[in-house]
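These notes concern the structure reproduced below.
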Amino acid sequence: MQQKLNLYNTLTRKKEVFEPLHPPMVGMYVCGPTVYGEPHLGHARSAVTYDVLYRFLKSQGYKVRYVRNVTDVGHLENDADEGEDKIEKRAKLEHLEPMEVVQHYTNIYHEELRKLNVLPPDIEPRASGHIIEQIEMIQEILNNGLAYEANGSVYFDVKAYNKDHNYGKLSGRNIEDLLGNTRATEGQEEKRSPVDFALWKKASPAHIMRWPSPWSDGFPGWHLECSAMSRKYLGTTFDIHGGGLDLMFPHHECEIAQSQASNSHTDAARYWIHNNMITVNGQKMGKSLGNFINLSELFGGTHETLEQAYTPMTVRFFILQAHYRSTLDFSNEALQAARKGYTKLMNGLNILKKLEYPEETEALAPDEKLNQELLKLTEDCYRGMNDDLNTARTIASLFNLLKKINSLNLGQISMGQLSRGTFDTVRDTYQELVTDVLGLQEEPLGDMEEMLDLVLQFYKEAKENKHYDKVDTIRAELKKQGIVIKDLKTGIDWAYEE
RNA sequence: GGUAACGUGGCCGAGUGGCUAGGCUCAGCUCUGCAAAAGCUGCUACAGCGGUUCGAAUCCGCUCGUUACCUCCA
């Protein structure tokens, strides 16, 4: 495949050819969730987006180290002021240890992502497990004169930093605008400037989650964990940093500032990737709007805006049918359409399993034009992926390919019109992209017990009609599945074979 | 208020100077015991107004509308 992957880099605001720093190794860091609540559609979009990037890079032969963190400390209700820690607030509410909250929601997050066929990252570090690394980084920034201590807390000195660096280079802001727009917030007396952000916060006496540091018993600022952990596992400069568009400012901006101000002196990542938001009725799903749709509600059909339950693969397909940098509007109609599209793609997968190129028929009536057309379609599939992970285009091309596969299956196109090479390319492309790269897999069929009842019904009829050959066949086939039929006086039943 | 982005056919959603995106829906045809699936055909759109150009949905300007970030959020 001589096509090259292009990625849109927020840092440069344009699509760039992806060239890893140390091929074939690729280092990739993605901002994971703060585990204080149920995972929702937005988490799914982010996870699926970077899962596809991860899968695609691997399919292209890269050796990827994928790090996705779990934020379990330091994420305050309000940034860098006197807000409560999200985790701790939840813990108090539910009368739990903060780490119980963390574990609980981390487990659910993992479970839901597994349903969505999202591969686990290679390393999943937690902020609370990297306090030492974070303290070290703060010390570096202090030593470099770009942070200051105030009453046991340490703040990043944005104005000082901005003298030699560009604070706002990622999100396209400038410090004057920021200063002009910062609203007066209470409890910020310690900060020299409203734009400064916390690297370390001194804990109030009531605060449970606290660690010793040179400055105070306290906890690290939210932005710091990502800088410290990405550096620890991927180095001072790595290839890809991903996350939601809403994290661009201030979170990612601060990450870059911290990395530059520390002894790393880098932007941390070379390609900064941002996925767009999910909207509901044209409005962003947001905490303050209270219009979140949790994944459990989606899979269970329990949310009030849902007309029905949607399976994880329907949701995955729905996400992939849009480009990751576009907002994706949620609606029942769109999900239902996604369901059908998904099943269509799966039917194609099943057809391909059964289709074989006949051994002896080596292109009886080769149709050069058709072969060319099919090969072009397979290239289109990859062209979509390479063009900034445009899964929407890839899926469109896969549907075009699927039409031909269906025609082949129905004999509207004969196998002899294709060369073996064309057929293999078509099959391999379809299978690889659908299952390995897009990560779409078959979902279990309906109720197995109901199907079994149907078989038992046929068994009963066969027996009544004394079609003993059929009776024997049914028994034998079911036995292969580990099921035995029991002819009881009271009726017919089944049991697991012991 | 500051800064961005977007406005595509009944719905969703790609594209981006000239060539059919695709999915869903709807109508018709082929196939078919009936149906379904599949294939084929049709519904041929790019907010409005100007401009650049041989040619614009695609570039530029203005107008209208929507949204996002600037505060917690993936």
Side-chain angles (χ1 to χ4, degrees), chain A residues 10 13 30-34 36-37 39-50 68 71 75-81 83-84 86 89 109 168 171-174 176-183 185 194-195 222 242-251 253 274-279 281-292 317-345 347-348 351 380 384 387 390-413:
Chain A
T10 308
R13 307 260 158 187
V30 172
C31 287
T34 301
Y36 69 107
H40 53 70
L41 242 186
H43 290 117
R45 186 174 200 191
S46 170
V48 167
T49 297
Y50 299 110
R68 188 187 63 209
T71 298
H75 200 163
L76 302 182
E77 287 286 311
N78 299 296
D79 187 47
D81 50 31
E84 236 183 320
K86 285 168 182 287
K89 185 180 175 191
Y109 182 70
S171 53
R173 278 152 229 263
N174 63 64
E176 290 79 20
D177 286 348
L178 288 170
L179 282 167
N181 283 306
T182 314
R183 52 184 83 163
T185 327
V195 290
W222 170 41
L245 195 63
D246 52 346
L247 296 179
M248 187 163 79
F249 188 90
H251 188 57
E253 198 68 64
H274 290 94
N275 63 283
N276 215 317
M277 305 288 101
I278 300 266
T279 57
N281 298 322
Q283 234 187 1
K284 185 188 150 184
M285 276 198 344
K287 281 268 187 284
S288 49
L289 296 163
N291 59 351
F292 269 101
F317 183 86
F318 172 66
I319 291 170
L320 292 178
Q321 219 179 3
H323 185 234
Y324 75 91
R325 281 194 292 118
S326 301
T327 54
L328 174 59
D329 194 52
F330 168 89
S331 72
N332 282 286
E333 267 186 317
L335 261 298
Q336 281 155 12
R339 175 69 200 171
K340 296 202 179 179
Y342 158 73
T343 51
K344 203 167 180 171
L345 228 40
N347 283 336
I351 285 168
D380 284 346
D387 184 10
N390 197 329
T391 50
R393 262 176 62 190
T394 293
I395 287 174
S397 301
L398 283 169
F399 276 119
N400 285 329
L401 204 56
L402 178 58
K403 275 197 178 152
K404 300 297 179 189
I405 292 168
N406 282 326
S407 295
L408 212 51
N409 187 42
L410 291 183
Q412 288 160 338
I413 299 173

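Residue numbering restarts at 1 for every chain, and letters A, B, ... go by the order of the sequence lines. As the structure is a prediction and not an experimental result, all values here were calculated from the model.
Residue A:Ala392 is in base contact, counting any heavy-atom pair closer than 4.0 Å across all strands shown. As judged by a 4.0 angstrom heavy-atom cut-off over every strand, A:Ile278 is placed among the base-contacting residues. At a threshold of 4.0 angstrom between heavy atoms, the contacts of A:Asn347 with the nucleic acid are absent. Residue contacts shown for A:Gly341 are limited to sugar-phosphate atoms, with no base heavy atom under 4.0 Å away. Residue contacts shown for A:Met277 include a base, since a base heavy atom lies under 4.0 Å away. A:Ser171 comes within 4.0 angstrom of no nucleic acid atom, judged by non-hydrogen atoms across all strands. At a threshold of 4.0 angstrom between heavy atoms, the contacts of A:Asn409 with the nucleic acid are absent. When heavy atoms are screened at a 4.0 angstrom cut-off, A:Asn174 is found touching no nucleic acid atom at all.
Rounded to whole Å, the distance from CD on A:Glu333 to P on B:G23 is 17 Å. When the P atom of B:G22 is taken as reference, atom CD1 of A:Ile395 falls 14 Å away, rounded to whole Å. At whole-Å resolution of the value, CG in A:Asn400 and P in B:G39 are 11 Å apart. Here B:C12 presents its C1' atom at 9 Å from CG of A:Asp329, a figure rounded to the nearest Å. Between the P atom of B:C72 and the CG atom of A:Asp246 lies a distance of 11 Å, rounded to the nearest Å.
With a cut-off of 3.5 Å on both pairing distances, the Watson-Crick or G-U wobble partner of B:C26 is B:G42. Base pairing analysis places B:C34 opposite nothing; no Watson-Crick or G-U wobble pair with both distances below 3.5 Å involves it. B:U20 makes up no base pair with any nucleotide shown, lacking Watson-Crick or G-U wobble contacts both under 3.5 Å. Base pairing of B:U66: its partner is B:A5, meeting the Watson-Crick or G-U wobble criterion (both donor-acceptor distances under 3.5 Å). Figure legend. B:A14 is base-paired to no nucleotide; pairs are counted as Watson-Crick or G-U wobble with both atom distances under 3.5 Å. Across all strands shown, nothing is found opposite B:U58 as a Watson-Crick or G-U wobble partner with both distances under 3.5 Å.
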Self-check item: side chain to side chain contact (heavy atoms under 4.5 Å, CB included) evaluation trace for A:Phe317 with A:Ile395
Solution: CA-CA 9 Å; A:Phe317 183 86; A:Ile395 287 174; 4.0 Å; yes

Quiz item: Going through the distances and angles, do A:Asn406 and A:Ile351 end up as a side chain to side chain contact (heavy atoms under 4.5 Å, CB included)?
Solution: CA-CA 8 Å; A:Asn406 282 326; A:Ile351 285 168; 3.1 Å; yes

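Of the P atoms belonging to B:A38 and B:C24, the separation is 8 Å, rounded to the nearest Å. When the P atom is used for both B:A37 and B:G23, the distance is 14 Å, rounded to whole Å. For B:U3 and B:U8, the C1' atoms lie 26 Å apart once the distance is rounded to whole Å. Rounded to whole Å, the separation between the P atoms of B:G10 and B:U63 comes to 28 Å. Comparing the same atom, P, in B:C26 and in B:U66 gives a spacing of 32 Å after rounding to whole Å. Comparing the C1' positions of B:A68 and B:G61 gives a spacing of 24 Å, expressed to the nearest Å. A gap of 15 Å separates the P atoms of B:G9 and B:A57, to the nearest Å. The gap from the C1' atom of B:A14 to that of B:C6 amounts to 15 Å, rounded to the nearest Å.
One side chain, A:Asp329 or A:Thr279, offers a donor N or O that lies under 3.5 Å from an acceptor on the other. No donor-acceptor contact under 3.5 angstrom links the side chains of A:Tyr324 and A:Asn390, judged on distance only.
Side chain of A:Arg45 to backbone of A:Asn276: a donor-acceptor contact under 3.5 angstrom is found. In this structure, A:Thr343 contributes its side chain and A:Arg339 its backbone to a donor-acceptor pair below 3.5 Å.
Checking B:G13, B:C70, B:A74 against the side-chain heavy atoms of A:Leu247 singles out B:A74 as nearest.
An OP1 or OP2 oxygen of B:G39 is reached within less than 4.0 angstrom by a side-chain nitrogen or oxygen of A:Asn406. Not one side-chain nitrogen or oxygen of A:Lys403 sits closer than 4.0 Å to the OP1 or OP2 atom of B:G22. When the side-chain nitrogen and oxygen atoms of A:Lys89 are compared with OP1 and OP2 of B:C72, none of them lie within a distance under 4.0 Å.
Note: A:Phe292 CZ to A:His43 NE2 = 7.0 Å, rounded to the nearest 0.5 Å.
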